[in-house]
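First the structure, in the form of C-alpha cells, and then the observations on it.
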Amino acid sequence: MRLILLGPPNAGKGTQAQSLINTYQIPQISTGDIFRANIKQETPLGKKAKNYLDQGLLVPDELVVDIVTDRLQKDDCQNGFLLDGFPRTVVQAEALEQFLKEHQQNLDQVLNIQVRTEVLVERAVGRRVCQQCGATFHIKFKPPTKDNVCDVCGGQVIQRKDDQRETAEKRIKVYEQETSPLIDYYEKRDLLVTIDGEQSIDKVTADILNALKDA
Ligand code: AP5
Ligand code: MG
C-alpha cells in the first residue's frame with residue numbers, strides 16, 4: 001500500500017499513522033520527524049532546517065525532496081509506505097510523481113484529514129510529544145497515564161516548540177497557502193479521499209480503514 005496522509009498541522013496525521021503502519025506493515029515516513037531528529041543530533045541538515053521549523057515555515061523544497069526519495073529507495077519501502085507531511089507543495093508532489101514513475105510505482109490513495117482551524121489550534125496548544133520515541137499525546141484528548149511520562153517508552157513528554165499558539169497559527173496559514181492546493185492536485189488524479197478528522201481518534205481510524213478497503 002502506498003499512501004499519503006494530507007492535512008493541516010495538528011489534523012491527526014501522526015496519530016492515525018500509528019494504526020496504519022501496524023495494519024499494513026509499512027513504514028511511516030514523517031518529514032517533520034526526520035527534521036526534528038536531525039535538529040536534535042545537530043547534523044548539517046538539522047542546522048539548515050532548524051530556523052524554518054522554529055518559525056513555522058516550510059523547509060525549502062530542494063532540501064526535502066532528496067531526503068524523501070532516498071528514503072523511498074530503502075528495502076523496507078518495497079511493500080509500500082505511508083508519507084506523513086510530504087508532499088507539502090506542488091513542486092514536492094511533482095517530484096514524487098516523477099520518482100514513482102521512474103520506479104514503476106503508483107500511489108494507492110491520498111487521505112485528506114479535514115479539521116477546522118479553531119479545532120486545530122486547540123489540538124496544537126494541548127499536544128505533548130515524547131522526547132525519546134515521538135509518541136503523541138494531548139493534555140485533554142489523550143493524556144499520558146502519568147503526568148509528563150510517555151506511556152510507550154517512559155521518556156519525558158514535552159511540548160513542541162512550534163505548538164505555541166502563534167507558531168501553530170502561522171503553520172496553518174502556511175498550510176492554506178502552500179499545501180492546500182494539493183487537495184485539487186490529487187482530486188484531479190482521482191486519488192483523494194476526504195476524512196472527517198473531527199471525530200474521535202478511533203472513529204477517524206475506522207473511516208480511514210474503511211476507505212482503504214477499495215483502494
Ligand atoms: P510536521 O511535524 O509534519 O508537522 P505538521 O504537518 O504541522 O503536523 P503535526 O505533526 O503538527 O500534526 P499531525 O497532523 O501529525 O497531528 P497529531 O497526530 O500530532 O512538520 C513540522 C515542520 O517541519 C513544518 O512546519 C516544516 O517546517 C517542516 N516540514 C515537514 N515536512 C515538510 C515538507 N514536506 N516540506 C517542507 N517543510 C516540511 O495530532 C495533533 C494533536 O491532536 C495531538 O495532541 C493528538 O493527540 C490530538 N488528536 C489527534 N487526533 C485527534 C482526534 N481525532 N480527536 C482529538 N484529538 C486528536
Ligand atoms: Mg505529525
Side-chain angles (χ1 to χ4, degrees), residues 4-21 28-39 45-46 48-69 71 82-96 111-117 119-130 134-144 150-152 157-164 167-180 182 195-208:
I4 292 176
L5 274 175
L6 190 67
N10 282 286
K13 301 183 295 294
T15 301
Q16 295 303 326
Q18 286 314 306
S19 315
L20 291 170
I21 61 173
Q28 172 193 9
I29 301 172
S30 157
T31 37
D33 287 350
I34 294 172
F35 288 131
R36 280 184 291 276
N38 276 275
I39 290 170
L45 173 67
K48 283 186 201 154
K50 186 175 184 312
N51 262 334
Y52 296 101
L53 271 89
D54 285 352
Q55 290 177 55
L57 299 172
L58 293 186
V59 175
D61 290 330
E62 58 272 23
L63 280 181
V64 187
V65 169
D66 287 350
I67 295 165
V68 176
T69 50
R71 179 68 187 83
L82 175 65
L83 288 169
D84 162 6
F86 180 92
R88 252 184 163 91
T89 62
V90 171
V91 170
Q92 292 178 18
E94 286 170 348
L96 175 66
L111 299 154
N112 173 34
I113 307 185
Q114 208 170 42
V115 176
R116 281 169 302 155
T117 301
V119 180
L120 295 171
V121 175
E122 190 190 8
R123 286 188 188 176
V125 295
R127 173 164 62 178
R128 299 291 181 271
V129 290
C130 174
T136 302
F137 302 92
H138 191 284
I139 50 172
K140 194 159 139 196
F141 306 124
K142 196 187 170 200
C150 176
D151 287 347
V152 182
V157 170
I158 55 152
Q159 184 176 37
R160 253 170 62 176
K161 212 171 167 181
D162 61 352
D163 274 340
Q164 278 154 21
T167 317
E169 285 171 350
K170 170 86 190 159
R171 285 195 290 138
I172 295 167
K173 286 214 175 73
V174 169
Y175 165 84
E176 281 161 3
Q177 281 162 8
E178 306 204 39
T179 309
S180 66
L182 294 182
I195 304 286
D196 175 3
E198 291 192 27
Q199 312 171 90
S200 71
I201 293 173
D202 289 346
K203 182 68 175 69
V204 176
T205 307
D207 280 7
I208 291 177

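Counting from 1, the numbers follow the sequence of the chain as shown. Whatever order the structure lists ligands and atoms in, that order sets their numbers, starting from 1.
Taking a 4.0 Å cut-off on heavy atoms, Ala11 registers as neighbouring ligand 1. Taking 4.0 Å as the cut-off, Gln16 does not count as a neighbour of ligand 1 on heavy-atom distance.
Contacts with ligand 1 closer than 4.0 Å are made by heavy atoms of both the backbone and the side chain of Leu58. Residue contacts with ligand 1 for Ser200 involve N, CA, C or O but no side-chain atom from C-beta outward (heavy atoms, distance under 4.0 Å).
If you check the side chains of Gln199 and Asp207, you find a donor sitting under 3.5 Å from an acceptor.
Applying the side chain to side chain donor-acceptor pair (under 3.5 Å) rule to Thr15 yields no partners; only residues at least two apart in sequence or on another chain are considered.
With Glu178 contributing its side chain and Val174 its backbone, the two residues share no donor-acceptor pair below 3.5 Å. Side-chain N or O atoms of His138 include none that pairs as donor or acceptor with a backbone N or O of Ala124 at under 3.5 Å. Judged by distance alone, with hydrogens and angles left aside, the side-chain atoms of Gln16 form a donor-acceptor pair with the main-chain N or O of Ile201 at under 3.5 Å. Counting only distance, with no hydrogens or angles, the side chain of Asp163 and the backbone of Gln159 share no donor-acceptor pair below 3.5 Å. The closest donor-acceptor contact from the side chain of Arg128 to the backbone of Thr136 lies at 3.5 Å or more, if one exists at all. Remark: side-chain polar atoms of Thr167 are not paired, donor with acceptor, to backbone N or O of Asp162 under 3.5 angstrom. Judged by distance alone, the side chain of Thr31 and the main-chain N or O of Gly85 form a donor-acceptor pair under 3.5 Å.
In Lys142, the NZ atom is crowded: over 12 heavy atoms of neighbouring residues, nucleotides or ligands sit closer than 6.0 Å.
Glu198 has a carboxylate O that lies under 4.0 Å from a charged side-chain N of Arg116, or vice versa, which qualifies the two as a salt bridge. Remark: Lys13 does not engage Asp84 in a salt bridge, criterion side-chain N to carboxylate O under 4.0 Å.
Interface atoms of ligand 1 facing Phe141, defined by a heavy-atom separation under 4.0 Å, are 55 (C), 56 (N). Atom numbering of ligand 1 starts at 1 in the shown order; those under 4.0 Å from a heavy atom of Arg36 are 2 (O), 21 (C). Every atom of ligand 1 is numbered from 1 in the order shown, and the set under 4.0 Å from a heavy atom of Phe137 is 43 (C), 44 (O), 46 (O). Every atom of ligand 1 with a heavy atom of Gln92 under 4.0 Å away is listed here by number and element: 33 (C), 34 (N), 35 (N), 36 (C). Below 4.0 Å from some heavy atom of Val64 lie the following atoms of ligand 1, by number and element: 33 (C), 34 (N), 35 (N), 36 (C).
Comparing heavy-atom distances from atom 48 (N) of ligand 1 across Arg171, His138, Arg127, Arg123 singles out Arg123 as nearest. With distances taken over non-hydrogen atoms, the option nearest atom 30 (C) of ligand 1 out of Lys13, Lys203, Gln159, Arg88 is Arg88. Of the listed options Leu57, Leu63, Val59, Asn51, Leu57 places a heavy atom closest to atom 27 (O) of ligand 1.
Scanning all protein heavy atoms for the shortest distance to atom 51 (C) of ligand 1 gives Ile201 CG1, 3.4 Å. Of the protein's heavy atoms, Asn10 OD1, 3.7 Å lies nearest to atom 41 (C) of ligand 1. Looking only at heavy atoms of the protein, atom 39 (O) of ligand 1 is closest to Thr15 OG1, 3.6 Å. In terms of protein heavy-atom proximity, atom 31 (N) of ligand 1 is nearest to Thr31 OG1, 2.7 Å. The protein heavy-atom contact nearest to atom 16 (O) of ligand 1 is Gly12 N, 3.2 Å. Nearest protein neighbour of atom 4 (O) of ligand 1, counting heavy atoms only, is Arg160 NH2, 3.3 Å. The protein heavy-atom contact nearest to atom 53 (N) of ligand 1 is Gln199 O, 2.8 Å. Scanning all protein heavy atoms for the shortest distance to atom 43 (C) of ligand 1 gives Thr136 CG2, 3.5 Å.
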Please assess Ile39 against Leu53 for the test side-chain contact (heavy atoms from CB on, under 4.5 Å), listing each intermediate value before the final yes or no. CA-CA 10 Å; Ile39 290 170; Leu53 271 89; 4.2 Å; yes
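Where the criterion is an N or O separation shorter than 3.5 Å, residue side chain and backbone included, Gly14 meets it with respect to ligand 1. Any N or O atom pair closer than 3.5 Å counts here, and Val204 shares no such pair with ligand 1.
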